[in-house]
Amino acid sequence: MQEPPDSIQQISLTAPPWTDDNESIATQETHPGYALQMHQAESFINELLARADARPASGSLLQYLCLIQRQYSCIPETTVHVLAERLSIPASQVFSVIDFYTFLHRTPRGDFDILFSNNITDRMLGSQALFGRLCQILHVEPGVPRADGRVTVDWTSCTGLCDQGPGMLVNGIAVSSLDEKRINEIAEQVENKTPLKQWPADWFEIKDNIQRRDILLSDQIVNGSAIEALINKGAENLLQAIEQSGLRGRGGAGFPTAKKWRFCRDTKADDYYVVCNADEGEPGTFKDRVLLNSYADNLFEGMTVCAGIIGAKKGYLYLRGEYLYLREALEETLQQRRQSGLLGNNILGQEGFDFDIDIHLGAGAYICGEESALLESLEGKRGIPRKRPPYPVNQGLFGKPTVINNVETFINAAKIAVFGADWLRAAGTEQSAGTKLLSISGDCERPGIYEYPFGTSVSQILADCGAADTQAVQVAGAAGTTLTADAFERSICFEDLATGGSFMVFNQQRELLAMVKNFSDFFRHESCGFCTPCRVGGALINDLVNKVMVGHATQLDLEEMKNIGSLMQQASHCGLGATAPNAVLQTLEKFPDIYTARLANRSFEPAFDIDAALAPSRKITRRDDPGAHIAYEPEQSSKP
Amino acid sequence: MSATVTFLLDGKAIPFQDGDTVMDAALRAGEYIPHLCHNPEFTPHGSCRVCIVEVNGRHYSACTLPAAENMNVDNSSEAIMAKRRSLLQMLFVEGNHICPACEKSGACQLQAVAYYTRMLSPHFPHFFPRRSIDATHPDIIFYHNRCILCGLCERASRDVDGKNVFTISGRGMNSRVIFNSDSGKLGDSELSISDRAASICPVGAILPKSKGYQVPIGQRLYDTRPISLVGDSNIRRNDKT
Ligand SMILES: Cc1cc2nc3c(=O)[nH]c(=O)nc-3n(C[C@H](O)[C@H](O)[C@H](O)COP(=O)(O)O)c2cc1C
Ligand code: SF4
Ligand code: SF4
């Protein structure tokens with residue numbers, strides 16, 4: 001069995017070389033990504049391991065790779081071999097991890113690595129035109145570093161800025177509210193080699209955008225009070241209170257939280273772990289971003305209470321790579337809590353109540369939000385979902401009993417500890433006690449965070465956020481439910497519409513097929529590749545959606561999409577593949593016209609696409625004018 | 001003696017022990033459930049999904065499903081066979097499987113399971129991926145074109161040979177097997193022809209060199225009898241080298 005990683009939190013992840021004022025930016029010939037010598041690799045990795053003050057542990061592999069990527073804008077091969085040796089793992093394991101995560105690269109990206117968020121809501125706000133414009137003025141090809149190594153411009157999956165999009169990441173740091181003016185200014189900064197630190201601060205401002213508060217966001221607790229409640233009431237009583245409150249997981253699936261904690265507590269082991277799932281990868285979801293920004297103390301309080309109940313000494317916050325900009329403040333909060341005796345040894349003076357939390361950063365992989373893939377990632381591996389049983393509560397991180405909960409779940413638990421079970425029970429429905437944070441985006445006047453008691457109807461929510469003339473609502477993200485207008489009386493709760501919180505609104509003017517295509521592209525890109533139906537089926541169904549888009553599909557193709565989709569639902573190894581075809585299948589049923597309107601008037605059309613086949617010729621001749629095309633060509637991102 | 005516990009596989013009672021999966025118990029009872037990534041020597045994987053079965057209206061991979069008393073498992077209805085055919089077709093179009101030009105033809109489990117499920121065509125459009133061949137090893141040749149990502153070579157090399165020669169890398173359709181060596185070439189790895197990993201591949205991706213057509217076509221493992229009777233080509237056999 002592998003050893004758990006020690007803390008490497010002392011390493012600052014927020015100081016990439018380009019932010020140093022006097023940093024000269026390397027050109028391609030001298031780029032360390034190509035020319036890094038063995039002794040340089042060795043000394044850099046020694047520095048990492050020394051600064052980390054950590055026992056070399058393969059569990060920290062992903063963290064080291066994130067740091068190397070930030071240093072060299074790629075993972076130079078020399079560093080792979082040194083790292084493999086130091087961590088006593090095969091070099092091929094290191095390569096396999098690099099190739100799995102979108103934000104890690106074997107060859108250098110541009111010194112400015114610009115990634116546009118590719119969610120449908122960003123597109124609805126004009127991201128495609130802005131992407132095209134930036135590529136044009138910087139003279140770059142999508143996904144390819146410019147010849148001087150200065151910049152890359154590419155797409156990435158939803159970055160969680162849907163309420164203030166279009167969004168992008170520049171060297172991992174989020175920039176919001178893009179428009180043509182800002183794009184022009186960004187291009188200027190890139191051409192002038194302006195270090196990121198000197199870019200206007202307001203570009204990096206991410207607003208909380210809380211539009212509606214209910215009990216969770218308004219009823220404040222004093223730091224430490226939930227831990228005191230645990231000490232005063234005792235673990236068993238507090239667990240019963242959480243049980244009575246009816247708290248269910250807020251990540252989407254709604255598993256009873258107390259039951260999960262009890263299963264873990266009742267498993268005999270010498271070590272236990274608490275893990276917070278802050279991977280928030282579901283397209284259209286951004287409520288954890290806000291909770292991490294403004295309610296971090298409550299989150300850590302909830303994790304500490306959980307640790308006290310199950311007997312964990314160590315916790316991890318799995319923070320999605322897209323939220324790198326939140327990390328520094330989160331580390332500060334943790335540090336303050338250590339100083340206040342709310343973390344560390346003998347918490348609040350209780351002999352033997354030891355617990356601390358480390359932040360682990362993701363690197364661009366939606367699948368790592370799936371709890372067992374997240375554990376694999378925390379162990380320094382590719383994020384491949386485990387088979388079940390065993391369940392994480394019995395054999396989780398490093399084989400030890402582990403509780404994994406969503407950010408919002410832990411915050412609810414902390415407040416229940418202070419206010420009691422009835423506090424939660426007072427809101428919501430019989431089977432869904434309490435409230436749910438919704439991340440609302442798309443066609444509405446006031447996008448942002450809305451907290452509602454469970455049981456609130458979709459029509460009420462649409463009215464509150466200023467949505468008019470609504471054609472469809474996508475609840476629970478790309479993997480969720482597509483609602484037609486006649487279903488707007490349905491309500492948000494586990495009995496009806498279960499959701500992690502994504503709520504995207506589409507008005508009558510929107511082409512819904514663009515949404516379907518966007519989600520299908522997303523799942524093809526994000527499939528971990530482990531099992532056949534999701535890996536291959538997801539690609540086949542995506543090709544068929546594209547065939548519909550270009551007007552080449554026939555009725556037969558629609559039947560084929562249904563067959564592949566239902567096989568994916570039934571045969572996939574994990575929830576990703578099982579839900580990936582949802583948008584296709586539901587729109588085929590509820591919005592058949594968006595497909596039939598584009599069908600070729602024949603019973604059969606070959607899958608061979610002559611225009612796509614011409615792409616290599618276009619590339620060689622550097623032509624992309626209409627005369628070099630035979631039909632529409634779907635754009636693609638450069639990484640998997 | 002305590003009464004044996006059983007579950008039903010296509011209506012037939014199959015005895016099982018504590019900790020058995022449906023696959024374990026079925027194979028022990030001499031019942032065939034089609035599979036590719038499974039091999040009784042190794043911990044179950046559940047990636048190819050070809051062993052899909054239906055229990056109470058829900059679908060599972062038999063190789064990872066714990067056996068439970070009185071469970072009623074559908075292993076051979078036309079609906080289940082159709083799903084398996086589609087999964088196999090997906091594997092065929094994902095890679096480049098030119099059976100007539102493959103040395104493994106006739107002893108290949110992918111081909112044999114396709115025959116067993118009566119798969120008549122690849123059905124889906126081919127992806128025709130560009131994949132390479134690694135012929136750097138003196139005794140072994142590796143065809144990425146034929147790899148179905150079953151992970152058996154990875155498990156065999158790590159768990160039996162203790163070498164970690166093979167690793168599945170990448171994500172989604174870009175997943176592929178890579179080799180653990182300084183150059184990344186198979187020839188520079190620690191792989192030896194006598195390793196378990198060298199003979200574990202269910203398809204023609206890992207083949208011994210200079211052994212072409214030793215067994216003539218027509219006399220190969222699955223040429224006269226189906227895989228349901230003959231069993232896997234990659235299990236340890238006394239009568240085979
Ligand atoms: C593909 C996939 C992605 C997921 N992403 C997330 C996520 O980003 N955040 C999250 O909390 N749960 C996510 N989940 C659900 C988790 O597996 C798990 O159920 C959840 O973290 C449990 O916490 P809860 O009980 O507090 O909801 C995802 C599940 C799947 C199948
Ligand atoms: S369903 Fe998709 S994401 Fe899940 S294990 Fe299979 S390939 Fe991976
Ligand atoms: S090479 Fe063979 S054994 Fe290895 S993953 Fe591919 S198909 Fe399986």
Side-chain angles (χ1 to χ4, degrees), chain A residues 77 81 84 89-102 364-365 367 382-389 523-540 542-544 547 560 563-564 566-574 577-578 606-609 639-640, chain B residues 21 36-37 43-50 52 54 57-61 63-66 79 82-84 86-95 123-127 148-151 154 157-158 163-182 184 189:
Chain A
E77 204 178 316
H81 293 291
I89 53 176
S92 53
Q93 184 186 334
V94 184
F95 282 122
S96 76
V97 169
I98 298 171
D99 291 344
F100 186 85
Y101 294 94
T102 312
I367 188 58
R382 297 159 78 228
I384 305 289
R386 297 175 178 174
K387 57 179 192 289
R388 276 180 258 218
F523 285 116
R524 179 182 192 151
H525 179 74
E526 297 295 344
S527 163
C528 85
F530 175 75
C531 74
T532 313
C534 172
R535 182 183 73 240
V536 189
L540 287 169
N542 180 243
D543 283 346
L544 286 167
K547 199 175 169 188
E560 186 79 338
N563 289 337
I564 297 170
S566 98
L567 184 65
M568 289 172 74
Q569 287 180 329
Q570 293 170 343
S572 291
H573 171 66
C574 87
F608 178 72
D609 177 351
K639 247 214 128 173
Chain B
T21 62
L36 289 169
C37 71
T43 47
H45 201 51
S47 70
C48 74
R49 314 306 285 176
V50 169
I52 184 170
E54 190 181 320
R58 291 197 57 187
H59 296 84
Y60 304 88
S61 49
C63 71
T64 57
L65 176 65
K83 292 181 207 311
R84 290 178 180 154
S86 295
L87 291 165
L88 291 162
Q89 285 162 331
M90 286 178 181
L91 290 172
F92 271 99
V93 300
E94 181 190 22
H123 179 78
F124 299 117
H126 282 274
F127 286 94
I148 57 168
L149 301 167
C150 73
E154 185 175 19
S157 185
R158 183 189 60 214
K163 289 185 180 177
N164 284 307
V165 170
F166 301 98
T167 305
I168 296 184
S169 181
R171 188 167 95 194
M173 286 282 276
N174 294 323
S175 301
R176 68 194 190 289
V177 170
I178 61 170
F179 315 120
N180 188 36
S181 68
D182 282 347
S189 76

Asks: Measure the spacing between CG of A:Asn563 and NE2 of B:His123 and express it to the nearest 0.5 Å.
Replies: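 One gets 7.0 Å once the value is rounded to the nearest 0.5 Å.
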
Asks: For A:Ser566, is it the side chain, the backbone, both, or neither that has a heavy atom closer than 4.5 Å to a heavy atom of chain B?
Replies: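 For A:Ser566, there is no contact with chain B at all, as no heavy atom is under 4.5 Å.
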
Asks: Nearest 0.5 angstrom please: B:Arg84 CZ to A:Thr532 OG1, how far?
Replies: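 Those atoms lie 13.5 Å apart.
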
Asks: Have a look at A:Leu567 and tell me which of B:Met90, B:His59, B:Arg49 forms a side-chain contact (heavy atoms from CB on, under 4.5 Å) with it.
Replies: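 When B:Met90, B:His59, B:Arg49 are each tested with A:Leu567, the side-chain contact (heavy atoms from CB on, under 4.5 Å) holds only for B:Met90.
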
Asks: Using 0.5 Å steps for rounding, measure from the CG atom of B:Leu65 to the NZ atom of A:Lys387.
Replies: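 B:Leu65 CG to A:Lys387 NZ: 12.5 Å, rounded to 0.5 Å.
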
Asks: Counting only non-hydrogen atoms closer than 4.5 Å, does A:Gln569 touch chain B with its backbone (N, CA, C, O), its side chain (CB onward), both, or neither?
Replies: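 For A:Gln569, no heavy atom lies under 4.5 Å from chain B.
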
Asks: Supply the atom-to-atom distance A:Arg535 CZ to B:Ser175 OG, rounded to the nearest 0.5 angstrom.
Replies: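 Taking CZ in A:Arg535 and OG in B:Ser175, the distance rounds to 6.5 Å.
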
Asks: Which answer fits A:His81, side chain, backbone, both or neither, if we ask what part of it has an atom under 4.5 Å from a heavy atom of chain B?
Replies: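 It is the side chain, since no backbone atom gets that close.
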
Asks: Pick from A:Ala539, A:Pro90, A:Ser92, A:Gly383: which one has the most heavy-atom pairs with chain B under 4.5 Å?
Replies: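 So the answer, after comparing A:Ala539, A:Pro90, A:Ser92, A:Gly383, is A:Ser92.
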
Asks: Between the side chains of B:Thr64 and A:Arg388, is a donor N or O closer than 3.5 angstrom to an acceptor N or O?
Replies: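 B:Thr64 vs A:Arg388: no donor-acceptor pair found between side chains.
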
Asks: With respect to chain B, which residue among A:Cys534, A:Ala84, A:Ala91 yields the maximal number of heavy-atom pairs within a distance under 4.5 Å?
Replies: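 The candidate making the most pairs under 4.5 Å is A:Ala91.
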
Asks: Does any heavy atom of chain A fall under 4.5 Å from the side chain of B:Arg176, the backbone, both, or neither of them?
Replies: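 B:Arg176 touches chain A through side-chain heavy atoms alone.
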
Asks: Counting heavy atoms not belonging to B:Gln89, are there more than 12 under 6.0 Å from its CD?
Replies: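 More than 12 within 6.0 Å, yes.
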
Asks: Which bit of B:Ile52 is near chain A, if near means a heavy-atom gap under 4.5 Å: side chain, backbone, both or neither?
Replies: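 It is the side chain, since no backbone atom gets that close.
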
Asks: Would you say that B:Phe124 contacts A:Ile564 through its side chain, given a criterion of any heavy-atom pair below 4.5 Å between the two side chains?
Replies: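 In contact.
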
Asks: Can you say whether B:Phe127 sits under 4.5 Å from chain A via the side chain, the backbone, both, or neither, judging by heavy atoms?
Replies: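 B:Phe127 touches chain A through side-chain heavy atoms alone.
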
Asks: With a 4.5 angstrom heavy-atom cut-off, could you sort out which part of B:Ile168 is near chain A: side chain, backbone, both or neither?
Replies: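 Both backbone and side chain.
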
Asks: Which atoms of B:His126 are under 4.5 Å from chain A, going by heavy atoms: the side chain, the backbone, both sets, or neither?
Replies: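 Neither part; nothing is under 4.5 Å.
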
Asks: Tell me, out of B:Pro66, B:Cys37, B:Cys48, who's got the most heavy-atom pairs with chain A below 4.5 Å.
Replies: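 Counting heavy-atom pairs under 4.5 Å, the top option is B:Cys48.
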
Asks: Taking the side chain as every heavy atom from C-beta outward, state whether B:Pro125 and A:Asp543 have any pair of such atoms under 4.5 Å apart.
Replies: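 B:Pro125 vs A:Asp543: side chains apart.
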
Asks: Using distance alone, with no hydrogens and no angle criterion, decide if A:Ser96 and B:Ser169 have a side-chain donor and acceptor under 3.5 Å apart.
Replies: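 No donor-acceptor contact under 3.5 Å links the two side chains.
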
Asks: Between A:Asp99 and B:Arg171, is there a side-chain heavy-atom distance shorter than 4.5 Å?
Replies: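 Sidechains of A:Asp99 and B:Arg171: no contact.
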
